[in-house]
Every structure is written in structure tokens, then in C-alpha cells.
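Below is one structure, written out as C-alpha cells; the observations come after it.
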2 protein chains.
Amino acid sequence: MAETDQSTARAAQFAKIDPAFQVTVRDHVYRTVRSAILSGSFATGEKLNERGLAEQFGVSTTPVKEALRQLETEGLVEALPRRGIVIRFSSQWAEEMILARAALESMIAHLAAKRIGKQAKAELQSVADLMKKATASGDADRLIELNEMFHDQIHDCSRCTYLAKLIERQQFYDASIRRVIHLDPAERQKALEEHLAIAQAIIAGDSDLAERVMRDHVVRSGDTYLNIVFGKQEDI
Amino acid sequence: MAETDQSTARAAQFAKIDPAFQVTVRDHVYRTVRSAILSGSFATGEKLNERGLAEQFGVSTTPVKEALRQLETEGLVEALPRRGIVIRFSSQWAEEMILARAALESMIAHLAAKRIGKQAKAELQSVADLMKKATASGDADRLIELNEMFHDQIHDCSRCTYLAKLIERQQFYDASIRRVIHLDPAERQKALEEHLAIAQAIIAGDSDLAERVMRDHVVRSGDTYLNIVFGKQEDI
DNA sequence: GGCTGAAATCTGATATACCAGATGTCACAC
DNA sequence: GTGTGACATCTGGTATATCAGATTTCAGCC
């Protein structure tokens with residue numbers, strides 16, 4: 001009996017591993033090619049060769065085809081049947097990805113403000129407080145981490161799994177670029193103010209305000225990224 | 001010389017065929033399974049079997065795998081590596097797809113109001129006028145057609161290709177269900193009023209108003225669809 | 001009787017072979 | 001020189017075989 005209890009207790013210590021965590025070749029190819037496209041390794045209109053990619057990765061064409069299918073569904077490449085895969089991603093695409101994110105994040109912020117519970121309010125406030133500290137101390141990596149946590153919390157509050165997944169696909173920059181941004185004190189300060197305003201609006205349950213400040217935040221910071229990645233500035 | 005001109009003129013008469021128009025097995029499987037999922041042929045959580053599907057379609061597993069990969073990227077199914085494909089779609093998913101559409105369509109309406117040109121204004125107005133007539137005469141099929149034309153025009157005005165593509169994937173009902181909706185006179189009238197308001201706002205260049213009325217339109221009509229497909233009502 | 005673990009089996013993941021449409025090349029006819 | 005068309009070739013699409021993780025089954029043990 002004691003033994004049973006003990007073993008149960010021990011088993012409970014281990015978090016369930018996410019089955020989707022496993023890495024497949026397909027997934028590796030997908031991530032690598034996606035990242036390469038988003039970082040501008042391929043010119044818009046350039047063709048991708050299935051056999052060539054398979055050879056470069058040292059794998060068969062099967063997982064490559066599947067990875068390309070995912071990229072196609074995401075809109076980053078276009079498949080012309082029996083003719084080839086063409087890169088679709090461009091600076092315009094990136095701009096629109098920001099707009100999509102802005103639209104979806106503001107929708108989710110709206111819902112979060114309506115649906116947030118007491119405990120979640122406290123947690124959101126606590127992350128906001130941590131952001132304030134990290135901004136003051138200039139810890140860029142910590143800020144990136146908190147940033148992600150912050151948006152994830154809002155996603156959780158909204159209880160919108162699908163929307164959260166959709167938003168994830170609208171990201172065209174990676175951690176290294178984020179780091180560049182967060183190293184700039186002025187940018188850090190601006191982002192902090194926006195985050196605090198978002199947190200305040202959501203905690204206050206002001207869904208319309210939350211929607212607006214979130215949208216402005218995503219668009220503004222998105223433009224900053226655009227500027228860095230493509231060296232140009234565009235407004236809505 | 002005359003011959004050259006003539007042949008050029010003749011060639012110009014034929015529209016270029018879209019290379020993506022070609023139907024592949026993969027695409028057929030994709031569309032069929034997608035439609036089956038959206039129409040509720042599979043319960044949420046139900047497993048799909050690659051070999052089984054391939055056998056049902058009388059094809060090999062290769063195109064089936066690719067089709068499933070597309071559905072996975074769309075979020076309709078989830079792939080658990082080496083364990084199987086699970087249906088993710090549910091009424092909650094459908095609700096969130098509407099919210100996504102509302103967010104994206106309102107963003108696109110906002111941009112359309114800002115970017116629309118003189119000729120496009122006239123065209124949008126003319127479609128709106130046709131809608132008025134079709135609503136009065138109760139021509140459901142014609143209304144469905146005009147509806148699509150209307151939204152496509154707005155997409156074109158916004159000059160947002162990526163967003164337009166993204167919106168297309170947020171549709172969880174097909175033509176037959178649309179038809180049911182448009183057969184109801186009250187619904188037709190309501191939709192007409194909304195469409196006219198949207199057209200007016202965009203033509204007037206009032207981007208904020210366009211955004212708001214578009215969002216309300218998508219959410220309201222979406223709820224009507226939800227009601228029909230899932231027999232329940234949900235609000236934001 | 002209930003638990004353990006090895007074997008059978010199911011299923012997705014990957015590799016390979018082959019098919020067919022699309023494109024490029026080039027000799028030939030005018 | 002220009003245009004035509006057969007042929008070589010490239011490339012994605014599909015089929016099939018094999019590999020390996022996951023699940024199930026069930027005999028054997030406590």
C-alpha cells in the first residue's frame with residue numbers, strides 16, 4: 001500500500017511528454033527550409049528543387065515533399081503542379097503577416113479581457129512587473145522570454161486554441177532578430193509601455209481598449225522588425 | 001506582318017490557364033477529406049488511418065500523407081508522430097475560425113477603404129446594386145455568387161494577397177449550407193443591409209467604420225452558420 | 001487474479017523506383 | 001534566318017517496399 005502510494009507519487013513527478021515533441025526528418029526539413037525562406041536565403045520567385053533539397057539534407061524526397069506541402073499551406077511557397085515549387089515570401093508577405101498577427105492578436109486580446117479570471121489577472125500583472133524590472137536592468141534575453149510568456153498568457157485567457165495556433169504561423173523573425181531589437185533601450189522602453197497598457201486594459205476588462213492597444217503594439221513592433229529585416233518602413 | 005498581328009490578336013483572346021488549376025490526386029484527397037471533416041463526418045478526437053484512407057480512395061499512401069500534412073498545417077487535424085492523425089476540428093474550432101475570419105476580413109476592409117481607387121469604387125457600388133436586386137427577387141444562387149464577388153473585390157482593393165489567402169482557409173461551410181441561409185428572406189435582408197453598409201463605408205474611405213461593420217457582419221453571419229451546422233449559438 | 005514483459009501486430013516514417021507532364025535543345029525544312 | 005517538331009532531360013506526382021516506434025495480446029509468473 002505504502003509502496004503503491006509512493007510509486008504513484010513518483011510517477012506524478014514526471015510531466016507527460018508531449019507526443020508532438022518527437023523530431024522527425026520531415027519536421028527538421030520543414031523548420032530549416034522555413035527559417036531559410038524567412039531569413040531571405042531565397043529570392044522571391046526562386047525555384048526549389050525537391051531532389052536537390054533531399055540531396056542537401058541527405059534524405060529521400062518523401063519527407064521533403066511533405067515539408068514543402070506544409071510550407072505551401074502556410075503560403076510561403078507556391079506549388080505549380082509538375083512544374084516546381086516557387087518562393088512566395090517577400091517583404092510584402094512579411095508586411096501582411098504582421099497585419100494578420102495584429103488582427104488576430106487584437107481579437108484574442110479582446111476576448112482575453114472579457115474572459116480573464118481573478119488568478120490570471122494576478123499572473124498577468126506579475127509578468128508585467130517582471131518586464132518592468134527586466135527593462136530597467138536591460139536583460140534582453142530575459143525580456144524575450146517574458147515577452148513570449150506575456151503573449152502566451154493572454155492567449156490562454158482568451159481560451160482560443162485555434163487562434164493562438166494561427167498566430168504562431170504569422171511570425172517571420174526569429175530569436176536572434178528579437179535580441180537585436182531588445183538591445184535598443186528606446187525600443188525596450190516603448191515595448192514596455194505598450195505591454196503595460198495591454199496588461200492594464202485586459203485586467204480592467206476593457207476589451208475594446210485591449211484590442212486597440214494590442215493591435216497598435218503588434219503593428220508598431222512589427223514595423224520595427226520589417227525595418228531591420230528588409231531595411232524599409234511601411235505603414236498601414 | 002498582317003499575319004503576325006492577327007496571330008497575336010488571336011492569342012490574346014485566350015486567358016492564360018492557371019497552372020495551379022491542374023488536379024492532382026493529392027489535391028482531390030485533400031479537398032474530399034477536408035470537406036468531410038468540416039461537415040462533421042468525423043468526431044473530434046477520432047483517428048484517421050493513412051493506409052485506410054489510401055485504400056478507400058484507391059491510391060497509394062503518398063498523396064494521402066501529403067494531403068494530411070496540409071490539413072495538419074491548417075489545424076484541422078493533429079499529427080502525433082508515429083502514433084497517428086487525430087481530428088481536431090470541433091464546434092469550438094468553427095467558432096474560432098469565424099473569429100479569425102472576422103479579424104482578418106475587418107483588417108482587409110480597413111485597408112481597402114484606404115486604398116480603393118475610383119474605378120474600383122464604381123465596381124463595388126455596381127455589385128452592391130446587383131445584390132439589392134437579387135435580394136428583392138430572392139435569387140439565392142445569384143446572391144451566393146455576388147457575395148463571393150463582393151468580398152473578392154474588397155480583397156483586391158486592399159492589395160493583400162497573403163491576407164486574402166489566409167481568409168480562404170477560415171471557411172468551414174460550403175455552398176450547400178450557404179444556399180440554406182440565403183433562402184431565408186429575413187437573413188437575405190439582414191445580409192444585404194450589412195453589405196450595403198460595408199460598401200458605403202469603403203467607398204467613402206471611412207476605414208474605421210468599414211472595419212467595424214465588416215467585423216460585425218462576419219461575426220453575425222458566422223453565428224448564423226454555426227447555428228445551422230452545430231445547432232448552437234455562441235457570441236463573442 | 002493481477003502484474004510483467006516478450007512477441008505479434010498496427011501504423012506512421014522513410015527510401016526507392018517509376019511515371020508523366022513540362023521544358024529545353026537542336027537538327028531540319030522552308 | 002526563322003520556325004517547327006522530335007527527342008533528350010528535368011522535375012514533380014504516384015506507387016511500393018521497408019523501417020521503426022507504438023500498441024496490443026497473451027503466456028508466464030508472483
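Note that these values count all heavy atoms, side chains included, but never hydrogens, waters or copies made by symmetry. Throughout, protein chains are lettered first and strands after them, A, B, ... in sequence-line order, and every chain is numbered starting at 1.
Residues B:Asn147 and B:His182 meet the side-chain proximity criterion, which asks for heavy atoms closer than 4.5 Å.
The side chain of B:Ser60 places an N or O atom within less than 4.0 Å of a non-bridging phosphate oxygen (OP1 or OP2) of D:dA15. Taking only side-chain nitrogens and oxygens, B:Lys65 comes nearer than 4.0 Å to OP1 or OP2 of C:dA13.
The nearest whole Å value for the distance from the CD atom in A:Glu50 to the P atom in D:dG13 is 6 Å. Going from atom CG of A:Asn49 over to atom C1' of D:dT11 covers 7 Å, rounded to whole Å. Following rounding to the nearest Å, B:Arg69 (CZ) and D:dG13 (P) show an atom-to-atom distance of 16 Å. Atom pair B:Arg83:CZ and C:dT9:C1' shows a separation of 17 Å (rounding to whole Å applied). Between the CD atom of A:Gln70 and the C1' atom of C:dA13 there is a distance of 13 Å, rounded to whole Å. If you measure from atom CG of B:Asp27 to atom P of D:dT14, you get 9 Å, rounded to the nearest angstrom. The separation between B:Leu80 atom CG and C:dT11 atom C1' is 12 Å, rounded to whole Å. Atom P of nucleotide C:dT14 and atom NE2 of A:His28 are separated by 12 Å, given to the nearest angstrom.
A:Leu48 comes within contact range of the sugar-phosphate backbone alone, with a heavy-atom separation under 4.0 Å but no base atom that close. Counting non-hydrogen atoms under 4.0 angstrom, A:Arg26 reaches the backbone sugars and phosphates but no base. At the heavy-atom level, A:Thr24 lies under 4.0 Å from the strands shown only through sugar-phosphate atoms.
A salt bridge links B:Lys65 with B:Glu50: the closest approach of a Lys/Arg side-chain nitrogen to an acidic carboxylate oxygen falls below 4.0 angstrom. In summary, B:Arg88 and B:Glu72 do not engage in a salt bridge, as defined by a charged side-chain N under 4.0 Å from a carboxylate O.
Aromatic ring orientation, A:Phe172 versus A:Phe89: tilted (interplanar angle from 30° to 60°).
In this structure, A:Arg178 contributes its side chain and A:Ala140 its backbone to no donor-acceptor pair below 3.5 Å.
In this model, a side-chain donor or acceptor of B:Arg51 finds a partner on the base of C:dG12 within 3.5 Å. Side-chain to base pairing of A:Thr62 with C:dA13: no donor and acceptor N or O lie closer than 3.5 Å to each other.
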